[in-house]
2 protein chains.
Amino acid sequence: MPAEHILVVDDEPAILRALSAALRARGYVVHTATTGQGALDQTALLEPATVVLDLGLPDIDGVEVCRLIRQWSEVPIVVLTADGADDRKVLALDVGADDYVTKPFSTPELLARLRVALRHRLRNPTGTVDAAVLRVGDVAVDLGYHQVSVNGTAVNLTPKEFAFVEILARHPGRVITQRTILQEVWGPEYGDETQYLRVYASQIRKKLGDTPDRRRLLTVAGVGYRLVDPGTEDT
Amino acid sequence: MPAEHILVVDDEPAILRALSAALRARGYVVHTATTGQGALDQTALLEPATVVLDLGLPDIDGVEVCRLIRQWSEVPIVVLTADGADDRKVLALDVGADDYVTKPFSTPELLARLRVALRHRLRNPTGTVDAAVLRVGDVAVDLGYHQVSVNGTAVNLTPKEFAFVEILARHPGRVITQRTILQEVWGPEYGDETQYLRVYASQIRKKLGDTPDRRRLLTVAGVGYRLVDPGTEDT
DNA sequence: CCCGGTCTTTGCGGAATCTTGACGATGCCC
DNA sequence: GGGCATCGTCAAGATTCCGCAAAGACCGGG
């Protein structure tokens, strides 16, 4: 088995040592960081297979670290903390953490959860430079540079507009429900604020150059939206 | 408004009720099962977006249910149990569960973990799921594209019409009772508004091109409707 | 402090969809 | 055949949903 690289972030040397040892014994290649800034740097530099992140860091708040990493990377993040407060868990999970283990934790359990995270990543060939550009017809979504272009011409989208298009482009042609879009772009508490969708769909259409006769962003009444290649009209 | 379908499996009615209520309040469409066999059947039938699975089931062991589901489906599974034993957690996670919450659990946390599971499902191509095209004779119901077609020709259905056809297509040839259709399409409080059924059945027949001599949507007087392949006429 | 970009909120016309009531047809039991 | 229950069809409101525009709120940088 090719050794997976794991980044462990914790400010307590004792825990860091214990965790590293346990992981190395299992055959993983372990890297460590003790600050939020270090976590961000190492994540970008090493592109680890998974990040184990303690929330109690001296410099940046752990949740914030999570959020920052998620801005450019989909590396699995397993949060590890002594703080068992519910709202903090929920917060961390909602900004992009994939799992949350409360200290004191059992090492076998942490390892099992780590395997789950790695399994997810395996199914999802992300991280590397390859499929960083989604294409649907003449629309290209560059995930790395957060840039959308139509026929090679760059289009300026706001962050929320980009997230909207990204989610649709990840499932070419398929219907994404209103609720799904709202939760992915705006957050879990926006369940039925469908007026946002109408406003943004309109703006996106304008920027993409959609015309009524040749549309890329289609509405499925009462259900959601889908992004299609106007050339190959399917179904 | 269509939402994600969640399957909740637990043998304790109290928990089942509480969970269902919490999830419904959040806008999910909740289905339930109380046995391992029921869980397997419903998972195959409904293709839910996520399965919440209690391990303490009367018939099949929960871990085994997990493993069986994973043989053909990648639907996210969130395991839920009173048993906090480590090895059981590890076992469940290793046979394919995506998360593991120990009772007593906090509802907000479970909801957050559910959102994580749904997020994972959304990010991954979930290749196999694209087999979500139900076929009954020459009628094809494409769940992903939210599109019904007859002999390859797309048919425009309204949301309620589509939901009507979808239910029937999920049980090819079988009779679906009026009450079931009403509750699934219109909601739990519509128990006996059978007039809707007649109106919609009529419209659907018109759009599907049903003729009196060659019908796809059959009426079972006083009971319900069923969708059949007019070629292989069965009784 | 101002300014530009972004997000949120509001409103409206028009279209699509749903609801409702009416009427006739059909089939069944007596 | 008559009475009764159920079904099919139609069409007119009533309601919801969508696209679009515009104005105010918010925020970070200069």
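Keep in mind that this is a model prediction, so the values were computed, not measured. Just so it is clear: chains get the letters A, B, ... in the order the sequence lines come, proteins before strands, and each one is counted from 1. Atoms considered below: every heavy atom in the structure, side chains included; atoms not considered: hydrogens, waters and symmetry mates.
Nucleic acid contact class of Y225(A) (heavy atoms, under 4.0 Å, all strands): sugar-phosphate only. E193(B) comes within 4.0 angstrom of nothing in the nucleic acid, heavy atoms only. Residue-level contact check: Q195(A) touches the bases, meaning some heavy atom is under 4.0 Å from a base atom.
In this structure, R216(B) contributes its side chain and L208(B) its backbone to a donor-acceptor pair below 3.5 Å.
Comparing R198(B) and K206(B) along DNA chain D, the residue whose closest nucleotide (by nearest heavy atom) sits nearer the 5' end is R198(B). Mapped onto DNA chain C by nearest heavy atom, V199(A) and K207(A) fall at different nucleotides, with K207(A) at the one closer to the 5' end.
R115(B) has a carboxylate O that lies under 4.0 Å from a charged side-chain N of D94(A), or vice versa, which qualifies the two as a salt bridge.
If you take CD1 of I204(B) and P of dC7(D), they are 15 Å apart, rounded to a whole angstrom. When rounded to the nearest whole Å, the span between CG of L182(A) and P of dC17(D) equals 14 Å. Between the P atom of dC18(C) and the CZ atom of F164(B) lies a distance of 13 Å, rounded to the nearest Å. Atom pair D192(B):CG and dA5(D):C1' shows a separation of 15 Å (rounding to whole Å applied). The CG atom of L197(B) sits 14 Å away from the C1' atom of dC18(C) (whole-angstrom rounding). Atom CZ in F162(B) sits about 18 Å away from atom C1' in dA16(C), given to the nearest Å. We find that CD of Q203(B) is positioned 11 Å from P of dT9(D), with the value rounded to whole Å. Protein atom CZ of R215(A) is 11 Å distant from nucleotide atom C1' of dC20(D), rounded to whole Å.
An OP1 or OP2 oxygen of dC7(C) is reached within less than 4.0 angstrom by a side-chain nitrogen or oxygen of Y200(A). For the OP1/OP2 pair of dG19(D) and a distance below 4.0 Å, the side-chain nitrogens and oxygens of T219(A) include at least one atom meeting the criterion. Close to dC7(C), at under 4.0 Å from its OP1 or OP2, lies no side-chain N or O of W186(A).
H5(A) contributes atom NE2, which lies 11.0 Å from atom CD of E47(A) (distance to the nearest 0.5 angstrom).
Applying the ring pair (Phe, Tyr, Trp, His ring centres under 6.0 Å) test between Y200(A) and each of Y225(A), F164(A), F162(A), W186(A) identifies W186(A) as the sole match.
Side-chain contact check for T32(B) and R17(B): no donor-acceptor pair (N or O, by modelled atom type) lies under 3.5 Å.
Residue T158(B) has its side chain nearest to dC18(C) when only dC10(D), dC7(C), dC18(C) are considered. Relative to the side chain of Y196(A), the nucleotides dT9(D), dT6(C), dT8(C) differ in distance, and dT8(C) lies closest. With dC18(C), dC18(D), dG21(C) as the candidates, the nucleotide lying closest to the side chain of Q178(A) is dC18(D).
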